[in-house]
Chemist: 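First the structure, then my questions, so here it is.
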Amino acid sequence: MFLIRTSFLLLSALLPVQTFAQSSEQSSEQAEQSLVQSSEQSSEQSSEQSFGQAQPSHNTQPSPDSTHSLDKVTVELRNYETIRHTPPPDSTHSLNEVTVEGNRYKEIIPSQKLQGEQLESLSSFSVADAIRYFSGVQIKDYGGIGGLKTVDIRSMGTNHLGVFYDGIQLGNAQNGQIDLGKFSLDNIEEISLYNGQKSEIFQPAKDFGSSGTIYLRTRRPNFDSGKKTNIKIYFRTGSFELANPSILWEQKISNNINSSLNAEYIYSSGKYKYRYRKVENGVVLWDTIGVRHNGDINALRVEGSVNGIVEQGLWNAKAYFYNSEKGIPGAIVNNKTMNWQRQWDRNFFAQGSFQKQFFKNYEMLVNVKYANDWMHYLNPYLPNIDSSSLRIDNTFLQQEIYTSIANKYAIFPNWDVNLSLDYQWNILDADLRDFVFPQRNTILLAGASAFEWKWFKIQVSVLGTFVLEKITRASEYNPQQQQSADNTMKWTPAIFLSYQPSLHHKFNLRAFYKRIFRMPTFNDLYYTDIGNIDLKPEYTTQYNVGLQYQKEFKIVQLNFTADAYYNDVTNKIIAVPKGNSQYRWMMMNLGRVKIVGVDVVAQTGLTFATYSRSGTLYPLQINFGLNYTYQSARDFSDPNDNDPEAGTYGRQIAYIPWHNGSAIVNMSWRLWELNYSFIYVGERYHVSSNIRENYEQPWYTHDFTLGKTFKIGKGKDTGKGKDTGKNTGKGKKFFAHTKIKISMEINNIFNQYYDVVVRYPMPGRNYKLIIMVDI
Amino acid sequence: MRKIITLALTGFCLTSCRKDIVLPPQIITVSTPEYTSIQGFYLLNEGNMGSNKSTLDYYSYDSGKYYRNIFASVNPNVPMEMGDAGNDIKIYGSKLYAVINCSNKVEVMEAQTAKRLGQINIPNCRYIRFHGGYAYVTSYAGPVQLNPDYEQKGYVAKVDTATFQVLDHCIVGFQPDELEIVGSKIYVANSGGYMFPNYESTVSVIDIETFTETKRIEVARNLHRLRADKYGNLWVSSRGDYYNQPSRLYWVDTKTDSLIDSLNIAVSNFHLDDDLLYAYSTEWSYITMSNVITYGIVDVTKKEVVTTNFITDGTEQNIKIPYGIMVNPITKDIYVTDAKNYVSPGTLYCFDKNGKQKWNVRTGDIPAHFVFLGKIKK
């Protein structure tokens, strides 16, 4: 029997999706204090080691050591994209001096975030699965574990989304698509999504260069006192014949340096049952069930990093290697349900980052990266199985070199300026016939300034983009491909504003305007036959107004944000039919899309104190998160295609639902955790001709995860809030901290058969078992 | 707790919001009835590759009504309907044959009703013609050679129209497209369309009796269509190499099986009606970066271009990508389809013999191939 009683627990870290780090806009003393605590907690709780370290006595009153925490947290907040390092507890003081003014200029418009345990408890396999819980995002998912998954933010197109991995952008000069299905959540600690850009000025020029940005931050080593080594072992298995072991080894080398090594292997046959059927007026006209083939994957990822702190600075170096073979599941069509295309990927990159405050008012950030991406595509000829399969065999090699320097100078305590200069080199090599082997040199120059006056904050940035195109070889046949595309020189602005009308309410208004473009990809410009060197950059212009409101009651915390936006995509690069034969295309700047949208995020958390008969406190935390997106994304490409019924002009573009949303409920009590998540994607059309034939039904999935942690070490099994780690004493014994967590997932519990992309069926009900050993 | 209930209710509502897609039969009156020996025509819509959206439409002269997507309503229990990328349609005897390229089959239906009878499995099948109770179907999916690159020959399949069984294969060139039967010979246009830059440039001649290739006639790069006139000439169109060598129209004497000459007219698709060859062309210009479209008529007796714009009322401006073409042999009405952007529904335009638009109607995606139903008597 437990008594249930309300208590004054501050609850934060387990709030799904958007944490209280969002209150960073609050500039009042009180708000900052509460920010500090909540952020601190979230950063602590999001690491496994600090399981149950939340102090039940925490409330909104500043604690004596909050100044220290403030500095620490500020450093983290500002640097978390580029610096993976969390200072160990005993080195906190050495970082106190790092920030003085910096804390004022947090992001003007905070991100949507998924982090730590909430990220872990979502039934997600890849980064793409997790991003579905963000507002304003659409995922194109071709199904299964190995299937391509791309993200579209506010309907502007996947090429407008920048994806950053530990502070440096993941590039794909060939087609601009980042397959987020490739990035496992295994060692991702935080995913944040920014519309426009991260509204913080101290960042590389590249960070100013996309219409929207996703930052993936890998896990930062964090050691309990007395520990020098953390080892975590995962094993996941379940549907699709999944076998997915991984190991994470973190080592504290000195007080100032630590390292981390993570290796993961994924095997899955990718087989699952799909079903297509036709029902009219309750009569089943036909019903077919099949097994999805050629969705198998075999992938190895190894990743290592070294992190360090120096006097008033931080550095990080990492190397990443990914090698995979997978099938490319094709469209399921009449009389053809088998596909044989294979793809091999080998991705390698090494990157480094260094940040230091040199003078009182001056800070510098340097980033470097080299990336080497090899891809082999094969459509095999199988005379005895499928002679219609025409053999295609191509390899592609992309290389990238990237360097960046960002400099921030504080003119006055409330006025900062930043100047960033980036250089990037890209090359594409392919064994396509008559290929031109393009190269691109890009120089990015960004100037930004942040100013704060009373309850008003403003940031202005200007990005200069200079692109020099070169081809290594002129096309032999295509007259258009005998020279490179023209060089590009563009200046694009962004402005971010926020205003808090009242000191007493955590309510603020925000707005941004941004104009930016994406360069045509190498495929757009130079792909044999369809490429067009006359392409111009594709522009997006974004206008956004929004508000945020937060309120804390005794046991309830509320967080509500709403944004309305208008985006105009001009010069959109689309394929148009070309010439005298079917299926011949040319890339042209003929598309235009206007998007009006609303994103709403609401979160609430409840904390109940439950007591055992002996009086031990067991907090019960329940968190709710709701996301809703409305989008009217209309195709204004071809004014002549204006048939009132079937025309495309002014109609909703392909695959963008008018309504979509998600809901998450997360409960934790003692060592148990229960997560329920729901995703809804409303009706939409697979072509911008919005006729019944092109209609796609809504789909929605319900996923459950139940997990329990078992403590093997000496620590008493007293549940969260009590076990602060001190029970295990100085922890001399190797297994003193060992925990085992077992989780069971049931996804798509009502076994709904649906397509995200037409003719690419998604899995029905599926299961996963996850065992995690934390030493 | 209230929130949980709200959520649960929302979830329930959403669960019940998923309704089945019902596509009621779409019948549109587009014109006034017209009574000739031709009952109507079928129009095969290709549907974009991978979308499984090949559909069949029917126009009835008797009623002036257009029936959209009749295959699904006539054959409601056929899983996944017609299939992916329809490429040709013909009637032979009482049967209607639709070649469905990416579904690797020829769908066989009753000509009068479009009721499904069965299918003929031929991988990567392209075009169909008939002779003496057999169907002949071109296919890209022949044997492979390494020479030194990988190369896949095409073939013509001989099919028993009674049993739908493939009886024999005759290997021809690379990526064979249209075929035509003149007397006891099959002529096949080899394209080599996947062999860039080494396109095929020959017409294969097959002796029907022995079903073997007897000759190759050198014509031009990347051949596509061929049609025989009543004077024993075979009109052959080439796609060209899309860069230096443009599309062109050639004729071959079927008595000597030799190339005679060519006309300087680009041809994307054509229809031969009596002595007039109606041909349109869509050629990409790298200078204007747009498609240059012409609608021409060639007199096959005089071997000259009669007009370069058979649409006379200016309505050709509305046609984005002309695709299918056909002429009613009795009324001489001209039918041209617009495939638009290949992913949204197309339009069928009807012009009278003077090139004035009579009517137009929405079709399926990529309206392309026509076949008349009924006897052609004047």
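Below, chains carry the letters A, B, ... as their sequence lines are ordered, and counting in each starts from 1.
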Chemist: Side chain from CB out, backbone as N, CA, C, O: work out which of these in A:Glu645 comes under 4.5 Å of a heavy atom of chain B, or both, or neither.
Modeler: side chain

Chemist: Non-hydrogen atoms of chain A under 4.5 Å away: do they reach the side chain of B:Gln26, the backbone, both or neither?
Modeler: side chain

Chemist: Would you say the ring centroid of A:Tyr477 lies under 6.0 angstrom from that of B:Phe196?
Modeler: yes

Chemist: Can you tell which part of B:Met289 gets under 4.5 Å to a heavy atom of chain A, answering side chain, backbone, both or neither?
Modeler: both

Chemist: Using non-hydrogen atoms and a 4.5 Å limit, figure out which bit of A:Ile392 sits close to chain B: side chain, backbone, both or neither.
Modeler: neither

Chemist: So which part of A:Tyr685 gets closer than 4.5 Å to some heavy atom of chain B, the side chain, the backbone, both or neither?
Modeler: neither

Chemist: What option among B:Ser103, B:Cys125, B:Ser344, B:Pro76 has the most heavy-atom pairs under 4.5 Å with chain A?
Modeler: B:Ser103

Chemist: Under 4.5 Å from any heavy atom of chain B, what part of A:Arg759 do you find: side chain, backbone, both or neither?
Modeler: side chain

Chemist: Roughly how far, to the nearest 0.5 Å, is CG of A:Asn532 from OH of B:Tyr286?
Modeler: 8.5 Å

Chemist: So which part of A:Asp434 gets closer than 4.5 Å to some heavy atom of chain B, the side chain, the backbone, both or neither?
Modeler: side chain

Chemist: Measure B:Asn121 against the heavy atoms of chain A and call it side chain, backbone, both or neither at under 4.5 Å.
Modeler: side chain

Chemist: Side chains of B:Tyr243 and A:Asp529: any donor to acceptor distance under 3.5 Å?
Modeler: yes

Chemist: So does A:Glu693 pair up with B:Lys53, basic N to acidic O under 4.0 Å?
Modeler: no

Chemist: Using non-hydrogen atoms and a 4.5 Å limit, figure out which bit of A:Pro577 sits close to chain B: side chain, backbone, both or neither.
Modeler: both

Chemist: Side chain from CB out, backbone as N, CA, C, O: work out which of these in A:Asp393 comes under 4.5 Å of a heavy atom of chain B, or both, or neither.
Modeler: neither

Chemist: Side chain, backbone, both or neither: which part of B:Gln317 has a non-hydrogen atom closer than 4.5 Å to chain A?
Modeler: neither

Chemist: Working to the nearest 0.5 angstrom, can you tell me the gap between B:Arg362 CZ and A:Ser689 OG?
Modeler: 6.5 Å

Chemist: What is the distance from atom CG of B:Asp84 to atom CD1 of A:Ile332, rounded to the nearest 0.5 Å?
Modeler: 11.5 Å

Chemist: So what's closer than 4.5 Å to chain B heavy atoms on A:Val279: side chain, backbone, both or neither?
Modeler: both

Chemist: Is chain B contacted by the side chain of A:Asn478, its backbone, both, or neither, given a heavy-atom distance below 4.5 Å?
Modeler: both

Chemist: Tell me, for A:Ser389 versus chain B, whether the close heavy atoms (under 4.5 Å) come from the side chain, the backbone, both or neither.
Modeler: backbone

Chemist: Quick one: which of B:Ile321, B:Asn341, B:Thr55, B:Val144 has the most heavy-atom pairs under 4.5 Å with chain A, could you say?
Modeler: B:Val144

Chemist: For the side-chain hydrogen bond (donor to acceptor under 3.5 Å, both in side chains) test, which of B:Lys105, B:Gln119, B:Glu81 pairs with A:Asn334?
Modeler: B:Lys105

